[in-house]
K.L.:
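What follows is a structure written as structure tokens; I'll ask about it next.
Quick note: residue numbers are just sequence positions, from 1. All values below come from the heavy atoms of this structure, side chains included, with hydrogens, waters and symmetry mates left out.
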Amino acid sequence: MKPFSCFVTGTDTEIGKTLVSSALLHALGAAGLRAAGMKPLAAGAELRAGVWRNDDVEQIAAAATVALPRELTTPYLLRTPAAPHIAAAIEGVTIEPRKILDCYAQVRGHAEAVVVEGVGGFRVPLTDRYDTADLARDLGLPVVLVVGLRLGCINHALLTAEAIAARGLRLAGWVANTADPSMEHVAGNIAALQARLPAPLLGHVPRLAPPTAAAAAAHLNLALLEEACSKRS
């Protein structure tokens, strides 16, 4: 398998970005690649055994095959469970995009593949004039869109795909993740998205118990993603 890196975004918050990011890392590691994960910004941390921890950050680190300092993989770990720009203001932290980009460059130097997970949806504010879409643009990575399967997901997915294209980024693929297990007409919604999104469906992750990286990876087609990421824009 050829090395590649990608940026994982979602149609909203709490729709499975971390699960899919972890699954990608697991699959990359199983393929023999040195895979590193990044969650550049995380808001909401708990003090455990004297260390501030965030569950998403922990999951990504556990799935990666390259162990790196948290200061590199998550340069901004905010304690307040709120939008990053609000949490940063509360805690007196200045989010500097250049710092994130520098950390990515260092992480990339240690790994053959890097999975960078965004925060919330594609246009979450990080500062007064900079959001996650700007970060994705500056990283310049192919984008993987996680579509949380619930009412309204078609509209959210299509709008996000348009925002990705507007920044000159390539949507390399999308993953359907069962956010609402009671959702009706799942197959019809997935078919509608397949007909409209300009990228391949990489897999449909059902409701998993427990939702582990290995279990989710079994539902992804990494070959499709590798092929899409290797194409020139």
K.L.:
Are Thr18 and Val8 packed together at the side-chain level, in the sense that at least one heavy-atom pair is separated by less than 4.5 angstrom?
P.N.:
no
K.L.:
For atom CG of Asn155, decide whether the heavy atoms of other residues, nucleotides or ligands shown that lie under 6.0 angstrom number more than 12.
P.N.:
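Yes, because the 6.0 Å sphere around CG of Asn155 holds more than 12 heavy atoms from other groups.
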K.L.:
Among residues two or more places apart or on two chains, list those pairs meeting salt bridge (charged side-chain N to carboxylate O under 4.0 Å, His left out) that have a residue in residues 148-157.
P.N.:
Asp12-Arg150
K.L.:
To the nearest 0.5 Å, what is the distance between OG (Ser22) and CG (Asp56)?
P.N.:
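That separation rounds to 8.0 Å.
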K.L.:
Once rounded to the nearest 0.5 Å, what's the spacing between atom SG of Cys153 and atom CG of Asn189?
P.N.:
4.5 Å
K.L.:
Would you indicate whether Ile90, at its atom CD1, is surrounded by more than 12 heavy atoms from other residues, nucleotides or ligands within a distance under 6.0 Å?
P.N.:
yes
K.L.:
Check whether any side-chain heavy atom of Leu139 sits under 4.5 Å from a side-chain heavy atom of Tyr104, and report yes or no.
P.N.:
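Touching, per the 4.5 Å side-chain cut-off.
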K.L.:
Side chain to side chain contact (heavy atoms under 4.5 Å, CB included) between Ile190 and Trp174: does it pass, once the steps are laid out?
P.N.:
CA-CA 11 Å; Ile190 291 177; Trp174 61 284; 4.1 Å; yes
K.L.:
Which donor-acceptor pairs under 3.5 Å do the side chains of residues 40-52 make with protein atoms, sequence neighbours left out?
P.N.:
unit_1	atom_1	unit_2	atom_2	d
Glu46	OE1	Arg48	NE	3.4
Glu46	OE1	Arg48	NH2	3.4
Arg48	NH1	Asp55	OD1	3.3
Arg48	NH2	Asp55	OD1	2.7

K.L.:
Quick one: closest heavy-atom pair of Ala23 and Leu220, and the distance?
P.N.:
CB-CD1, 3.8 Å
K.L.:
Does the side chain of Val175 reach to within under 4.5 Å of the side chain of His219, using non-hydrogen atoms?
P.N.:
no
K.L.:
Distance from Leu145 atom CG to Asn177 atom CG, nearest 0.5 Å?
P.N.:
11.5 Å
K.L.:
Only counting residues at least two apart or in another chain, list the ones meeting side-chain hydrogen bond (donor to acceptor under 3.5 Å, both in side chains) with Glu91.
P.N.:
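For Glu91, the residues satisfying side-chain hydrogen bond (donor to acceptor under 3.5 Å, both in side chains) (neighbours in sequence not counted) are Thr80.
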K.L.:
So do the side chains of Phe4 and Leu225 get within less than 4.5 Å of each other, counting heavy atoms only?
P.N.:
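Of all side-chain heavy-atom pairs linking Leu225 with Phe4, at least one is under 4.5 Å.
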K.L.:
Measure the shortest side-chain to side-chain distance between Ile60 and Glu117 over non-hydrogen atoms and say whether it is less than 4.5 angstrom.
P.N.:
yes
K.L.:
Taking all non-hydrogen atoms of both residues, which atom of Leu224 and which atom of Pro200 are closest, and how far apart?
P.N.:
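Nearest heavy atoms, Leu224 then Pro200: CD1-CB, 4.4 Å.
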K.L.:
Is Ile100 linked to Val116 within one hydrophobic cluster, defined over Ile, Leu, Val, Met, Phe, Trp and Tyr using a side-chain heavy-atom separation of less than 4.5 Å?
P.N.:
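Yes; Val116 is reachable from Ile100 via cluster members.
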K.L.:
How close do Ala36 and Ala64 get, counting heavy atoms only, and between which atoms?
P.N.:
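Looking at all heavy atoms of both residues, the shortest contact is CA-CB, 4.1 Å.
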K.L.:
By salt bridge (charged side-chain N to carboxylate O under 4.0 Å, His left out), which residues pair with Arg34, not counting sequence neighbours?
P.N.:
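None.
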K.L.:
Among Leu19, Thr160, Val20, whose side chain to side chain contact (heavy atoms under 4.5 Å, CB included) with Val146 holds?
P.N.:
Val20
K.L.:
For residues 201-212, tabulate all N or O donor-acceptor pairs below 3.5 Å that involve a side-chain atom, not counting sequence neighbours.
P.N.:
unit_1	atom_1	unit_2	atom_2	d
His204	NE2	Thr178	OG1	3.1
Arg207	NH1	Thr178	O	3.1
Arg207	NH1	Ala179	O	3.1
Thr212	OG1	Ala215	N	3.1

K.L.:
Could you check Val115 against Ser5 for side chain to side chain contact (heavy atoms under 4.5 Å, CB included), going step by step and ending with a plain yes or no?
P.N.:
CA-CA 6 Å; Val115 176; Ser5 298; over 6 Å; no
K.L.:
Where is the tightest heavy-atom contact between Leu78 and Ala87, given as atom of each residue plus distance?
P.N.:
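Heavy-atom minimum between the residues: CD1-CB, 3.8 Å.
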K.L.:
Working to the nearest 0.5 angstrom, can you tell me the gap between Met183 CE and His185 NE2?
P.N.:
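Rounded to the nearest 0.5 Å, the CE-NE2 separation comes to 8.5 Å.
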K.L.:
Answer yes when Lys99 and Asp102 have at least one side-chain N-carboxylate O distance shorter than 4.0 Å, and no when they do not.
P.N.:
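Looking at Asp102 together with Lys99, the answer is no, because their closest N to O distance does not fall below 4.0 Å.
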K.L.:
For Ala133, is there any backbone N or O sitting under 3.5 Å from a side-chain donor or acceptor partner on Arg137?
P.N.:
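Checked: no pair found.
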K.L.:
Testing the basics here: between Gly118 and Phe7, what is the closest heavy-atom pair and its distance to 0.1 Å?
P.N.:
CA-CZ, 3.8 Å
K.L.:
Can Leu72 be reached from Leu77 by stepping across I, L, V, M, F, W or Y side chains whose heavy atoms are under 4.5 Å apart?
P.N.:
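In one cluster: no.
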K.L.:
Would you say Met38 and Ile95 are hydrophobically clustered, going by side-chain heavy atoms of ILVMFWY under 4.5 Å?
P.N.:
yes
K.L.:
Sorted by first residue and then second, give each salt bridge (charged side-chain N to carboxylate O under 4.0 Å, His left out) pair with at least one member in residues 154-169; sequence neighbours left out.
P.N.:
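Not a single pair qualifies under salt bridge (charged side-chain N to carboxylate O under 4.0 Å, His left out).
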K.L.:
Strictly distance-based, threshold 3.5 Å: is any side-chain N or O of Thr65 a donor or acceptor partner for the main-chain N or O of Leu33?
P.N.:
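Present.
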K.L.:
Are a donor atom and an acceptor atom from the side chains of Tyr130 and Asp138 found within less than 3.5 Å of each other?
P.N.:
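Distance-only check passes for Tyr130 and Asp138.
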K.L.:
Measuring from atom CG of Leu169 to atom CG of Leu141, what distance do you get when rounded to the nearest 0.5 angstrom?
P.N.:
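Nearest 0.5 Å value for the CG-CG distance: 8.5 Å.
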K.L.:
Rounded to the nearest 0.5 Å, what separates atom CG in Leu149 from atom OG1 in Thr11?
P.N.:
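One gets 8.5 Å once the value is rounded to the nearest 0.5 Å.
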K.L.:
For Tyr76, does its backbone N or O pair with a side-chain atom of Thr74 as donor and acceptor, under 3.5 Å?
P.N.:
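No.
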K.L.:
Please tell me if the side chains of Thr132 and Leu126 come closer than 4.5 Å, counting only heavy atoms from C-beta onward.
P.N.:
yes
K.L.:
Can you check whether Ile154 reaches Leu193 side chain to side chain, under 4.5 Å on heavy atoms?
P.N.:
yes
K.L.:
Heavy atoms only: give me the nearest Ala161-Leu171 pair and the separation to one decimal.
P.N.:
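Closest approach of Ala161 to Leu171: CB-CD2, 4.2 Å.
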K.L.:
Within the distance-only criterion (no hydrogens, no angle test), does the side chain of Arg70 pair as donor or acceptor with the backbone N or O of Thr73 below 3.5 angstrom?
P.N.:
no
K.L.:
Is there side-chain contact between Pro84 and Val124, with heavy atoms separated by less than 4.5 Å?
P.N.:
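Side chain of Pro84 against side chain of Val124, heavy atoms only: contact under 4.5 Å found.
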